**Q** 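Quick one: the structure is below, and I'll ask about it shortly.
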Amino acid sequence: MPHIHPETELHNPQSAKPPLDPHLKALENEAIHIFREVAAEFERPVMLYSIGKDSSVLLHLARKAFYPGRVPFPLLHVNTGWKFAEMIAFRNEIVERYDLDLIEHVNPRGAAENVTPFTHGSALYTDIMKTEALRQALDAGQFDAAFGGARRDEEASRAKERIYSFRTPDHRWDPRNQRPELWNVYNGMIRKGESVRAFPLSNWTEVDIWRYIQAEDIPIVPLYFAEKRPIVERDGMMILAEDPRLELLPGETKREEVIRFRTLGCFPLTGAIRSNATTLDDIISELETATVSERQGRAIDRDQSGSMEKKKREGYF
Amino acid sequence: MTAPATANAVEHVAAGEVLAFPAQEPARATRDSRPLRLITCGSVDDGKSTLIGRLLWDTKAVKEDQAATLQRDSKGKQNDLGLPDFALLLDGLQAEREQGITIDVAYRYFSTDKRSFIVADTPGHEQYTRNMATGASTADLAVLLVDARVGLLEQTRRHATIATLMGIKQFVLAVNKIDLTDYDRARFEQISHEFRELALSLGVRQVTAIPVSALKGENVVYDGRASMPWYDGPTLIEVLELATTRSAQTVGFRLPVQRVSRPGESFRGYQGTVAGGSVKPGDSVVILPSGMVANVTKIVTFDLVRNAAVAGDAITLVLDRQVDVSRGDMIVAIDSQPLTGLSFDAQLVALQAEGIQPGKRYWLKSGSRRQRVQVQPASQLDLQTGKWNHAEQLPMNAIGKVHLAFDEQAIFDSYEQNRTTGAFILIDPDTNNTVAGGMITAKRSALGGIHTEDARVILSLPADLADQLMATELFAGRREEAEVRRVSAGRAVEIIDDIDG
């Protein structure tokens, strides 16, 4: 299976393209400004890379920001071991093609204790394999700034997060004591051990992301496009049934459906949607008439209202 | 959300709209504007969150699963229309939900076929002036809310003053809860008139007043003609679609240098975002503060080598000779240079509990430049009277005039000229926190400049002349130098007689 979608061939920097519309251009300019500012002000930046569509846009913007130089910081992928296989193959290909430095981290405690989404429940699993793992990786690299692809339109608590989001030495976020952020003047002053999470995509919406992917020919994981795939229905979600570690529960059956994913995470926790969208045009037109938000497919957000805020305070991205 | 609800939502997607692909080209072809940034201000009870919730709801920015969460969270709190509590869309943090108030700036996004919008929702309480200043710093337009039954409040004047100070020149007055006055036209017109007077006294000319019921959705996105046949003006969304975004393209070229790119011996470029004017290959530029001169040879971006760049563009500039340029320097047009010096006047908003202490040395960051500064407060704005009173220090939420003294050359434009190169933040070196947001008003000369302490000219003019004068750009920029008193022509004659006599 090709890991780069056929219609999104790798971008040639010198090719002539129609200019971006002013709205996307303004968002792109803002993101590039943030990338450069963080790279100049911090000693050890790193970019959180989750392989999803937002990460793909983030990476593309980083390459633009530092052109003609290399991206001057490594990418960090916090792997849970339960990502879609196609995501990992895509990641490896991108890293090689763009000459990037990749750090992959798996929580050794979780791996040793065999923590899985099936045995430990989604909340504990996410806490150990994502939140704790991220803290371990940031500590190990002594990173003082971490770029993330979070957008303010994703979830209510994110709507109030700053572009430079301050973290204590133990990676905590205090939503009630955020630094004021005026104009595009960012305060990057921190003490040793403290860090910031920087969010260049803060002002982007989901539709903006897709329109930009289309305008800029950005490669993305093929799971975003509709195809006939094996699924099993569980907890009201359609889960991809390709990985041999997925055991069917009593009453569950595997079947094939034409589906795609609006967001990508760990396959057991990510619900597919029925869709015939096989091109970027299809996806955008589907979105413009969509009646549910993208995080609707994420099991971890639905535990309780305010659950994302709680995870973020504890250091989840 | 419960499992059955999710399944329903998914089935709904499968069943209908999503699989039909409507022609989308017309909608996208018209979306050619830059996003409009706006701020909403109003006091706690004016229904501000309800108004924004209504905007998001009626422009379909709220999806079904979010609505389901909303319906569940607002259980028992639904209004008599059976609609969810829109305020919960915005009051995202749990602490806020518990207290039922908004404690911070929230950013929300919605769009119509014509434009996208970024709205900063800021709290109305006085102690959160700092949040309003934050939201206003990037806004092109302010929506001020009043309750039609109550009319203008002290708070309204305060919000309008802060918005003006932060450089906002377009106001919308949303006279909300008009349904609760039985759509009283006279009441609406009286409030609009009072507000226009207020706006004019602040030098703001672009004012639109709209009678609104956020709860019923009248004159927000859909018109309220059925209830208010007497109102034939625009809806809120129509005003927002037509508003102008700020542009710094007509002033001199400014490039604050963020970083120097040296990927190899053969390339040396200066990276930054154009903060004013435009640039093209062949232009002569000056590097500040060194004063060295060079010519632009290339404008490099990832996509192609460009033949021009304008304000807002993130670029890499290549010059024709080896000059010493580093982060924090500014590359500017040779024929239109900013102010440089060791001493400036500014206005600022104090953002933290410690306030601004006289003589304390802070870090000042403007663009990519960070330097030490000593801050001397001179006066504080009384938001109730609009007067500047002498002040030695500035407490949290105070708006003050200060003198800035630098050890090294500072580079600014006045904020009136350029909202990027005229803006700065102050950082407390002890806490690393951002303690003030400031705007440069002028460079201080050895003689003390034109802004001498507390000296104001009093102009007593017939009302129509006073209005016209106050509405000029020139006056807006120098409001603190003159006080305009509106008098009748007869009274003006008496004043002259008094002076002559």
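Heavy atoms only: backbone and side chains are in, while hydrogens, waters and symmetry mates are out. Quick caveat, the model's predicted, so the values are computed rather than measured. Throughout, protein chains are lettered first and strands after them, A, B, ... in sequence-line order, and every chain is numbered starting at 1.
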**Q** Hey, which of A:Arg70, A:Glu30, A:Glu194, A:Glu41 has the most heavy atom pairs under 4.5 Å with chain B?
**A**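 Option with the greatest count: A:Glu41.
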**Q** Any chance you could lay out the side-chain contact (heavy atoms from CB on, under 4.5 Å) test for B:Asp303 and A:Glu216, step after step, and finish with the verdict?
**A** CA-CA 10 Å; B:Asp303 301 292; A:Glu216 294 283 301; 4.0 Å; yes
**Q** How long is the gap from CG on A:Leu182 to CZ on B:Arg130, to the nearest 0.5 Å?
**A**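 Atom-to-atom, A:Leu182:CG and B:Arg130:CZ are 10.5 Å apart.
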**Q** Identify the two heavy atoms, one from B:Arg34 and one from A:Pro22, that lie closest to each other, and give their separation to 0.1 Å.
**A**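 What the structure gives for the nearest pair is CG-CB, 4.0 Å.
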**Q** Out of curiosity, A:His23 NE2 to B:Ser111 OG, how far, rounded to the nearest 0.5 Å?
**A**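 A:His23 atom NE2 to B:Ser111 atom OG measures 7.5 Å (nearest 0.5 Å).
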**Q** Name the member of B:Met166, B:Arg262, B:Lys365 that forms the most heavy-atom pairs with chain A at distances under 4.5 Å.
**A**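 Top count of heavy-atom pairs under 4.5 Å with chain A: B:Lys365.
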**Q** Is it the case that the side chain of B:Gln258 and the backbone of A:His33 share a donor-acceptor pair, with hydrogens and angles ignored and the cut-off at 3.5 Å?
**A**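 Yes: the side chain of B:Gln258 pairs with the backbone of A:His33.
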**Q** Counting distance only, does the side-chain N/O of A:Asp153 pair as donor-acceptor with the main-chain N or O of B:Tyr109 below 3.5 Å?
**A** no
**Q** Return the minimal non-hydrogen interatomic distance between B:Gln352 and A:Pro180, and the atom names on each side.
**A**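 Heavy atoms only, the tightest pair is NE2-CD, 3.4 Å.
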**Q** So which residue, A:Ile32, A:Ile190, A:Asn203, ends up with the most heavy-atom pairs under 4.5 Å with chain B?
**A**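 Top count of heavy-atom pairs under 4.5 Å with chain B: A:Asn203.
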**Q** Using 0.5 Å steps for rounding, measure from the CG atom of A:Asn29 to the OG1 atom of B:Thr301.
**A**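 The OG1 atom of B:Thr301 is 10.0 Å from CG of A:Asn29, to the nearest 0.5 Å.
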**Q** Is there a side-chain contact between A:Gln178 and B:Val105 (heavy atoms, below 4.5 Å)?
**A**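 Answer no - side chains too far apart.
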**Q** For B:Tyr415, enumerate each residue passing the side-chain hydrogen bond (donor to acceptor under 3.5 Å, both in side chains) test, keeping only those at least two apart in sequence or located in another chain.
**A**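 For B:Tyr415 the side-chain hydrogen bond (donor to acceptor under 3.5 Å, both in side chains) partners, ignoring immediate neighbours, are A:Trp183, B:Arg419.
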**Q** How far does CG of A:Asn184 sit from OG1 of B:Thr273, to the nearest 0.5 angstrom?
**A** 7.0 Å
**Q** Could you please spell out the steps behind the side-chain contact (heavy atoms from CB on, under 4.5 Å) verdict for B:Phe424 and A:Val185?
**A** CA-CA 7 Å; B:Phe424 63 87; A:Val185 189; over 6 Å; no
**Q** Mind ranking A:Ala26, A:Ala40, A:Ala31 by heavy-atom pairs under 4.5 Å with chain B and telling me who comes out on top?
**A**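 Most pairs with chain B among the choices: A:Ala40.
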**Q** Of the listed residues (B:Ala136, B:Ala314, B:Pro263), which shares the most heavy-atom pairs with chain A below a 4.5 Å separation?
**A** B:Ala314
**Q** Please check this pair: side chain of A:Asn187 against backbone of B:Asn432, looking for a donor-acceptor N/O pair closer than 3.5 Å.
**A**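 Between the backbone of B:Asn432 and the side chain of A:Asn187 there is a qualifying donor-acceptor contact (under 3.5 Å).
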**Q** Please round to the nearest 0.5 Å and tell me the distance separating atom OH of A:Tyr186 and atom OG1 of B:Thr434.
**A**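 One finds 12.0 Å between OH of A:Tyr186 and OG1 of B:Thr434.
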**Q** Hey, are A:Lys25 and B:Asp313 close enough for a salt bridge, meaning a charged N less than 4.0 Å from a carboxylate O?
**A** no
**Q** Heavy-atom pairs under 4.5 Å with chain A are the metric here; pick the option from B:Ser137, B:Gly135, B:Ala139 that has the most.
**A** B:Ser137
**Q** Side chain, backbone, both or neither: which part of B:Phe267 has a heavy atom under 4.5 Å from chain A?
**A** side chain
**Q** What part of B:Arg370 gets within 4.5 angstrom of chain A, counting heavy atoms only: side chain, backbone, both, or neither?
**A** side chain
**Q** Applying salt bridge (Lys or Arg N to Asp or Glu O under 4.0 Å) to A:Glu37 and B:Arg259, what does each step give before you reach the verdict?
**A** CA-CA 8 Å; A:Glu37 199 63 11; B:Arg259 64 192 291 277; over 6 Å; no
**Q** Considering residues, nucleotides and ligands other than A:Glu256, do more than 12 of their heavy atoms fall under 6.0 Å from its CD?
**A**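 Buried by this count: over 12 neighbours within 6.0 Å.
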**Q** For A:His60 and B:Phe302, run side-chain contact (heavy atoms from CB on, under 4.5 Å): C-alpha distance rounded to whole Å, both residues' side-chain angles, the deciding distance at 0.1 Å, then the answer.
**A** CA-CA 10 Å; A:His60 184 75; B:Phe302 182 83; 4.1 Å; yes
**Q** Which one of B:Thr431, B:Leu351, B:Thr316, B:Ile315 has the most heavy-atom pairs closer than 4.5 Å to chain A?
**A** B:Ile315
**Q** Side chain, backbone, both or neither: which part of B:Arg369 has a non-hydrogen atom closer than 4.5 Å to chain A?
**A**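 Contact with chain A is absent: no heavy atom of B:Arg369 under 4.5 Å.
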**Q** Non-hydrogen atoms of chain A under 4.5 Å away: do they reach the side chain of B:Ser261, the backbone, both or neither?
**A** side chain
**Q** At a heavy-atom separation under 4.5 Å, does A:Phe166 approach chain B through its side chain, its backbone, both, or neither?
**A** neither
**Q** Nearest 0.5 Å please: distance from the CG atom of B:Asn433 over to the CE atom of A:Met189.
**A** 11.5 Å
